[in-house]
Structure formats: C-alpha cells, structure tokens
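Note that the structure is a prediction, hence the values are computed from the model and not measured. Letters A, B, ... are given to chains in the order of the sequence lines, protein chains preceding strands, and every chain is numbered from 1.
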Amino acid sequence: MRFSRLFAPTKKESPADAEIPSHKLLTRAGFIRKVASGLYDILPLGAKVILKIEKIVREEMNAAGAQEVILPIMHPSELWQESGRWEVYGKEMIKFKDRHERDYALGPTAEEVITDLVRKEVKSYKELPLNLYQIGRKFRDEIRPRFGLMRAREFIMKDAYSFHADDEDAEREYWNMYETYSRIFKRMGLEFKAVLADTGEIGGNFSHEFLVIADTGESKLVYCEKCGYAASTEKAAQRKPEVPKGRETEFKEVERVHTPGIKRIEEVSEFLGIPQEKILKLLVYLVDGKPVAVAVRGDREIEETKLRNAFGAKDVRLATDEEIEEFTGQPKGFLSPIGFKIPVYADYSVIPMVNFVAGAGEVDYHLKNVNWGRDFEVEEFIDVSEVGEGEPCPECGAPLKFKRGIEVGHIFKLGTKYSEAMGATFVDEDGTEKPMVMGCYGIGITRVMAAAVEQNHDEEGIIWPFEIAPFEVIVIPTNVKRDEIRELAEEVYENLKKKGFDALIDDRNVRPGFKFKDADLIGIPFQVIVGKKAGEGVVELKVRKGGERFEVESGKVGEKIRELLQGGI
RNA sequence: CGGGGCGUGGCGCAGCCUGGUCAGCGCGCUUGGUUCGGGACCAAGAGGCCGGGGGUUCAAAUCCCCCCGCCCCGACCA
C-alpha cells in the first residue's frame, strides 16, 4: 500500500469528546470516526486491524472444532418471548416493527436464534456435541455509551454456542474454549488474565472473563502468584477469618460519646482518633425489595454483585434516606446495630472486630466498645466486601495482587436454561428425551482493538503488537525528490512485500518529520527509514516499541525483522 | 433517568457576562516559491452566519423560552 493513496486522515489534535487513550489515538491516527453517540465508522486502518483480529479468532476457533455460521442480526420477538428475555433485556435492546407491525429486535446476543436453529435440526445424541460461532454485529442500547469503541451501541463480537448431551461434555468444551481463548489472546500479543467471574445477565452457573490488563480498564481483578487463583473483584472471595479466641475476655463497657455533626466514617475516625478498621459501617439495602442491614468494617466497601449473589437476589440497591428512617426508626449517619429493627448481616471483615465504634441510633452520638454477640446478634456472616491488593488469597493465603483490566472475552457454562425454556431436546442413547446442555463464549472484536491500544501506547501514539498491526512495516523515504532515496525505498518496499510482509511505503512528498510523526502515531511495529546512507545502500530499521534503531543493508531488512521477531520483540 | 458541562468554517478554540464597531485565532485545505532526519517558512487565496425553532429589541453568536445533539459524573453519611 502506498501512503499517498491510503485513506488515513491523521490529526495533530485529539477530538474534544475523547477521554481515554484508545479513543483519542484511534481517532487521531485515522482508524475510527464517530458517527453518533456510541456509533463509529471504522476506516481502512481500523478495518485492517479488525480483520487481523478476526483471522486469529477464526483460525483458533476452527482448530478447536467450532464451525462458523452467519445468523441474522434482525431477530423476531417470538424467540425472545420464548426465552423470557424480551422483557428482561428490555431497554437494552433496540426494538422495532416491520411493515406488518410485527416486533423485531436487533440482536444484542444470539442464544435464542441459535437455540432455535439447533432445536429444529438436531434430534439425536449422535449429532452432539456441536459448537457453532459467528462473527458479527451486535446492538446494545447502552444507557451511557462511552470511551469510544470500549462501550459502543453497535459493535463486532464473536459469539459461540455449544450444545452437549450431558454436563460433563459441556464442561469439557468449556475448558476447550478456555484454552482456545488463552491461545487467541496470546497470539494477539496482549497481556491478559483469565479470571473467575460473575455470570451476570446471561445466566448459567460457571464463568471466566478474559481481561486485557490496562490501568484504564473498567474491570478490577485480584490474583495470586503462588497458587494461580485469579478472580474479578465482583467474584473474588475473602478468606474467612477465625473468630479470635477468648475475644469475650477483651470486651470493654459500651461508652456513649458526643459526636456533633460527625457522620462519615472518615470524620468519625478523625474526630475520635480511632482508625477506620475499628469502626463499624452499617448500610441498609433493599434486597429484592426487602430491607436488610449489612455491616462491614469501616475501611472496606460492599461489592454489590457479591451481595446480590449472597442473597440469591435479582436486584439489590441502597435504601434512600427516607426508607432508612422508615425501616429502622433511626437517623441516617448514626445507625446502630443495637436493637435494630431489621436483620443485621455482617461481612466477614466484621468477624475479628472487637470493641468497635458504631452509631448510637440517635443524632450526634456514637458508641464505643461495641461487640457483636454481646450487644447485638449477627443474623449471618457473609462474604460481601471487595477484596483488594495484599489481602490473603482465599485458596492459599498468600497476599493477592490487584490489577485493572478490560473485559474482552467471556465464557459461560449455561446449563439447560435456554434449552429448557425453548425446548431444545434430543433423544439420548437410552431412548429418553433430554434438554441439551449449553455453553456460550464471546469475544468483543472491536473492543479488543481498543484494549490493545489502551495497553500499548506512548506519548507519540499507538504501539501495535505485530500480529494485529494494520501494517507490519512502513518504509519511509526521507525525501522522495532525491532519486537515490526514492529508488532505494521502492526497492526495499517491493522486497518486503515479496517476502510476505504487510508493508506500507510513505511515498508522500512531505518533510521527513511529518512522516516520522505519522508512523509513530499509527503505531506500525517496524519503520524502515531510507535517507542519509541511501547512496551506500544502507537503511535504518527502527522498532516502534522502545525506539531501538539498527543500520541494515537494504537487501537484508526482511531478515533483520524476522530475527528481531524471534528475539521476542 | 438525576446532576454538571458543551454546541461558532473540516479539526481545536476565543468572542457571549457588559447586544451594535464581530464573525476571529491556530491547525488543516488551494496556488506559487523557498525548504527537506522529528508535525517547515513566506506570500496570495477558498471556506462559517454562529446546533434548530420561537421570542425580546431599532439591532442578537451575545438576552429569554422550547427542542435537538454531544461529553462527563452518578453506593460508600447509614
């Protein structure tokens, strides 16, 4: 490809509405343009990256035994009514009617459509297992699309669905996909982690998320270097503390203290000169509409997904100020667990607490030396606060590490949720009819592109991993009006193409600085600069990542690149 | 949805508070020339009618009302 013909409108300035690096850089470097909120044009450079990502996904999925299909993105409402998700998915789905007033939706995912296909065509255990996937557009009418490609309303996803005769085989395929995903992200040259995850909206009973590590990521994870435990903080378990032996012997007398206007944990801590770990935080939640009090150590935070799971609830939210008064008869900011009108559940972090501070149940007063078991009863100790850096691994007790990441893949064991709802059954070896056991496996293709940039960039621009770079190498003649430079550059370019490289030549008649800036911004892994020593047949090979430069004979550029790649660049 | 902010040539922004002398700056674009290893310089040009609608006024980018679009934030006091 010749740069003079390439549609890659680069910019010096970031768009005003971009916040994070991937959004700014993909726009500046001419990969994407916004059409409307959450909707993007993908320009040639972006399309090349997407296609390379898809290629790796296809190769690995095919190698893993999955088969590609192409399903409609326009879904009839009947299928979604059948699974019960027409209402559940609700506002997230883009719904519309055809000319006959029939209801349709643009598919946010495809369990219904694929299950419909399989239930109609597969009747016997002999036809199982089956793993079908597609790479296509998905639509989700996000409440708030943001961060460019990261959370868009239309995006490209690879979604796979597998069908099995029994649970054991579904689990076998689950781990097959786990390994496949690991290979996929490894091939893409991304630093990632597979973590235990919450199953969320899709349902099912077992799941892993694949996160690309990046500081700007919206997902948080903890992992253990000793035993390999890794989990999303929405899922990560606390190691259950022991009840301290003889704690009763330490109990002191409850003391009522005046704390005028002091409500926040930080304020209480400062005012009384007592660390936050010695203060009890009491929150009132509505768990599927029922008021429940949850106590947690003052310096810790409730992870609402864990809370929801602990109660097996659909919906969990904090009570409003008015609701707190109504349910407890106590003023917010000074809630006391003593004589509480609603059941008090306590996070694991409360177990070791002795002689702690709590609200007094009246305005402007707190209590010191409160103890659970003596002063109030805990309904049950539950694991609902967020696990963080340095805390003990729930498996082996070693200190956990914390990182942020971007969710690019998610695998689920679905069980029979959809097959039962939609009657996807087969006749087993023993002649009886059974629901198929399902799994589903997604990769956000467009999000992978954004995540790769989020993880790999510097002040100058993007630094693409070789495997998914829009071009592998760019040849830069510093001055196309000088014959020896132009001719040598053309020669090197043709040579690289012949050797199988995806090469670009910057044949534009602009100053060299301009070309260097563009090459860095676009992030092509290797730059071949043809300039000063063109007369001697020597060119300069620059590695985008790290900026290392080598002087190379013009005929040996390809070899040098291969050598560097083998060396792990 | 609630809260906050923004909308002015292709892009980034100033002007608005204190209506008129206001449509301006930088980048980009076109033409000519000089330049040519880290987003050059000089000169001459093209391009907006100020998100849309309504209103106030002798007069509106500027004041008022409505609408549309875009961006950011949204448990932690209990």
Side-chain angles (χ1 to χ4, degrees), chain A residues 9-20 23-24 27-28 30 33-39 91 143-148 259 261-269 276 279-286 291-305 307-308 316-325 327-337 340 342 344 347 358-361 363-364 366 384-386 459-461 476-482 485-486 508-521 527 529-534 539-540 542 547 549:
Chain A
T10 59
K11 293 183 174 304
K12 270 190 191 173
E13 287 168 302
S14 295
D17 56 19
E19 284 288 313
I20 61 170
H23 189 193
K24 288 180 181 172
T27 303
R28 277 189 59 205
R33 285 292 183 267
K34 186 170 75 182
V35 175
S37 179
L39 301 172
K91 42 289 152 274
I143 301 172
R144 180 150 87 90
R146 64 188 121 172
F147 303 143
T259 50
I262 307 292
K263 294 181 179 180
R264 307 175 130 262
I265 293 288
E266 305 89 85
E267 291 169 353
V268 175
S269 170
Q276 294 186 22
I279 301 172
L280 189 80
K281 183 151 74 179
L282 194 58
L283 300 99
V284 177
Y285 275 93
L286 286 178
V292 161
V294 181
V296 62
R297 206 175 74 193
D299 61 326
R300 296 185 68 89
E301 297 185 1
I302 299 288
E303 166 52 67
E304 287 190 0
T305 303
L307 185 62
R308 199 176 62 222
V316 153
R317 68 168 174 85
L318 279 169
T320 63
D321 298 356
E322 297 75 43
E323 287 166 341
I324 291 172
E325 297 264 1
F327 297 136
T328 72
Q330 295 189 10
K332 72 153 192 163
F334 301 97
L335 294 189
S336 171
F340 220 47
I342 54 176
V344 176
D347 180 61
V363 176
D364 290 351
H366 277 78
V384 293
S385 67
E386 188 175 301
E459 311 70 47
E460 292 300 315
I476 303 175
T478 55
N479 186 339
V480 292
K481 286 191 171 167
R482 301 246 296 269
I485 289 178
R486 190 187 63 248
R508 296 175 298 175
N509 180 25
V510 295
R511 294 162 58 88
F514 200 92
K515 297 183 181 183
F516 298 149
K517 287 286 185 189
D518 266 349
D520 286 349
L521 179 61
Q527 302 173 10
I529 300 157
V530 183
K532 287 171 187 156
K533 297 194 175 174
V539 301
E540 187 177 313
K542 179 188 160 188
R549 294 161 191 267

If the cut-off is 4.0 Å, is [X] near the phosphate of [N], judged by side-chain N/O to OP1 or OP2?
{"X": "A:S37", "N": "B:G69", "result": "no"}
{"X": "A:R144", "N": "B:C73", "result": "yes"}
{"X": "A:R264", "N": "B:C77", "result": "yes"}

Given [options], which nucleotide is nearest the side-chain atoms of [X]?
{"X": "A:K34", "options": "B:G39, B:C70, B:C77", "result": "B:C70"}
{"X": "A:L521", "options": "B:G37, B:C73, B:G39", "result": "B:G39"}
{"X": "A:R146", "options": "B:C36, B:G38, B:C73", "result": "B:C73"}
{"X": "A:R511", "options": "B:C77, B:A40, B:C27", "result": "B:A40"}

Under 4.0 Å between any heavy atoms, over every strand shown, what does [X] touch: base, sugar-phosphate, or nothing? Just pick one.
{"X": "A:Q330", "result": "nothing"}
{"X": "A:G531", "result": "base"}
{"X": "A:R297", "result": "nothing"}
{"X": "A:K533", "result": "nothing"}

Notebook entry, point to check: Are A:R308 and A:E303 within salt-bridge range, i.e. N to O under 4.0 Å?
Noted result: no
Item checked: Carboxylate-amine/guanidinium contact A:D299 A:K281, below 4.0 Å -> no
Next item on the list: State, yes or no, whether a side-chain contact exists between A:T478 and A:K532 at a heavy-atom distance under 4.5 Å.
Entry: no
Note to self: Taking A:E460's backbone N and O only, do any of them form a donor-acceptor pair with A:D520's side chain (distance below 3.5 Å, no angle check)?
What the structure shows: no
Checklist line | Integer-rounded Å distance: B:C72 P and A:E19 CD | finding: 6 Å
Notebook entry, point to check: Please give, in whole Å, the distance from B:U34 P to A:N479 CG?
Noted result: 14 Å
Check: How does protein contact run along nucleotides 7-15 of chain B, one letter per nucleotide 5' to 3', with B for base contact, S for sugar-phosphate only, - for none, heavy atoms under 4.0 Å?
Finding: ----SSS--
Margin query: With rounding to the closest Å, how many angstrom separate the C1' atoms on B:G9 and B:C73?
Written below: 32 Å
